[in-house]
Amino acid sequence: MSSSRKQPHVLVISYPAQGHINPMLQFCKRLVAKGIKTTFATTFNFIKTAHIDLNSTLITLETFSDGFDDNLPDQFVPPDVYFPKLREAGPKSLSGLVQKLDGVITTLVYDGFLPWALDVAKQFELKGAAFFTQTCAVNNIYYHINRNLLQVPLSNSVVSLPGLPQLENSETPSFVNQFDLFPAVFDLVVDQFDNVDQADWVLYTSFYELEEEVIDWMKKLWHVRTIGPTLPSMYLDKRLKDDQDYCVNLLKPKSIECMNWLHNKPKRSVVYLSFGSLTQPRPEQMKEIIHGLSDGGFTFLWVVKSPEEDTVPKEFVDGRSKKGLVVSWCQQLEVLAHESIGCFVTHCGLNSVFEAICLGVPMVAMPQWSDQTTNAKYVEDVWGVGVRAKPGADGIVTGRVLDARIREVMEGEKSIEIKKNAIKWRDLAREATEEGGSSDKNINQFVEELKLRT
Ligand code: UDP
């Protein structure tokens, strides 16, 4: 199938997780706003269970198979079962989708977690763009492992790589410093780079100013374009007037409850806590967080998904407590943007970190796994927008440590510097997405190249 003399039409495909779909869908909105026809696809199973509404956009929604279509179990499917099945079913299903779209697709933007999609793109003579939803820093580490330039298990006590600060082993992603714990995920993140040299573009949700050194280094390898941060426009440059939210939610957000509860709380007085869409701290950690928050001096809003919600004292869940509110899901952006929020206790999933940066909210980092350990290092030591609450030898952050770190960010001596940095990065993030900013320019160039190359 030849793609010559066609109007550009981009098919964007995402791994089925909130933290991947949010940035990829936002990128679709930017392409549509610049006049590019865009179709978005993720797995049938994700679409079936999540709340997704693209009616306010001009994006067409499609699905592909993860191999579980009629029989995905309700409970968590372990990576060593899920990934091979997706790897087997995905390429065939994606080929079927490209064929179904009847030759209109000219470029495939694929999630780095789905590298087989690039092979499908090449098979249909489409251009291919890899899209990474983790930082350039984190991907640089995985790249070095992929090319045998960094060995696991890590042999030295620190890791030194081009474009990165020196990292203690514990500051590398957990799939690197504990690579044998989740071998299927280790393979997934490292294999992203098997065929990346064949990609026509390599896109990152980061922005240039945030990771200059490593981006400059990566540009020597590939046609790199940073296009983020990928928050809805109304939280950044405000150029897309209808773009207020991500249009996808894993669970129904308790928006009204949260906004009512935050209403009238003094400015920057509330601590917001969330551990993202995939992880929830283990029971011993939950206990410590509850202690830390109950005994601490601040009011709090905390997202706890079920079944862990049952471990939290009832008065926090049913709204009786003046001290804190626990909800199963919220519109995180609207919460972070609320003037009552003073700090964000976060697991450091990259979307959460970028959202806090874009809204100028200082962080207390409590990484759980994956890239979060490296993101937490950057939050504290590189960007200076928060502190880490470090766990003890048992891997648990005590309530006392958590409370002390919250206090430090909310009102301690260090808080002045942290707040100053938070404002600095917030402004730089906005500038990157405004007209003429680094990411805006990169998206424009991508769009021009789409037109020239099709
Ligand atoms: N999120 C949300 N409501 C919540 C918790 C999270 O909307 O109650 C969103 C959050 O804004 C972010 C995404 O879910 O965009 C989570 O992505 P992240 O990369 O932070 O973490 P992950 O879920 O991938 O671990």
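The analysis underlying the following values was restricted to heavy atoms, covering all of them including side chains, and did not include hydrogens, waters or symmetry mates. Since the model is a prediction, treat every value here as computed from it, not as a measurement. We count ligands from 1, going down the list as the structure has it; atoms in each ligand are counted the same way.
Glu211 and Ser206 share a side-chain donor-acceptor pair at under 3.5 Å. Counted by atom type alone, Tyr235 and Asp243 present zero donor-acceptor pairs between their side chains at under 3.5 Å. A donor-acceptor contact closer than 3.5 angstrom links the side chains of Gln18 and Asn22. In the model, Ser170 has no side-chain atom that pairs as donor or acceptor with a side-chain atom of Asn177 under 3.5 Å.
Scanning all protein heavy atoms for the shortest distance to atom 3 (N) of ligand 1 gives Cys330 O, 2.7 Å. Ser352 OG, 2.5 Å is the protein heavy atom nearest to atom 20 (O) of ligand 1. Scanning the protein for heavy atoms near atom 2 (C) of ligand 1, the closest one is Trp329 CZ2, 3.3 Å. Distance from atom 19 (O) of ligand 1 to its nearest protein heavy atom, with residue and atom name: Asn351 ND2, 2.8 Å. Regarding atom 15 (O) of ligand 1, its nearest protein heavy-atom neighbour is Glu355 OE2, 2.6 Å. If you check which protein heavy atom lies closest to atom 24 (O) of ligand 1, you get Gly19 CA, 3.7 Å.
In this structure, His347 is part of the shell of residues with a heavy atom less than 4.0 angstrom from ligand 1. Tyr246 counts as a contact of ligand 1, since one of its heavy atoms falls under 4.0 Å from the ligand. The shortest separation from a heavy atom of Leu333 to ligand 1 is not under 4.0 Å, leaving the residue out of contact.
Atoms of ligand 1 found under 4.0 Å from any heavy atom of Gly276, numbered from 1 in the order shown, are 23 (O). The ligand atoms of ligand 1 that sit less than 4.0 angstrom from a heavy atom of Ser277 are 22 (P), 23 (O). Residue contact check: Leu350 has heavy atoms under 4.0 Å from atoms 19 (O) of ligand 1. Under a 4.0 Å criterion applied to the non-hydrogen atoms of Ser274, ligand 1 contributes the atoms 5 (C).
Applying the ring-ring contact (aromatic ring centres under 6.0 Å, His included) test to pairs two or more places apart or on separate chains, those with a residue in residues 318-370 are Phe175-Trp369, Phe182-Trp369, Tyr272-Phe344.
Between Phe446 and Phe27, the distance from one ring center to the other falls under 6.0 angstrom.
Aromatic ring orientation, Phe132 versus Phe193: parallel (interplanar angle below 30°, classes split at 30° and 60°).
The pair Arg388-Asp381 meets the salt-bridge criterion, since a charged nitrogen lies less than 4.0 angstrom from a carboxylate oxygen.
Taking the salt bridge (charged side-chain N to carboxylate O under 4.0 Å, His left out) definition, one finds that Arg407 meets it with Asp403, Glu411, sequence neighbours left out.
Among the atoms of Gln18, none of the N or O lies under 3.5 angstrom from an N or O of ligand 1.
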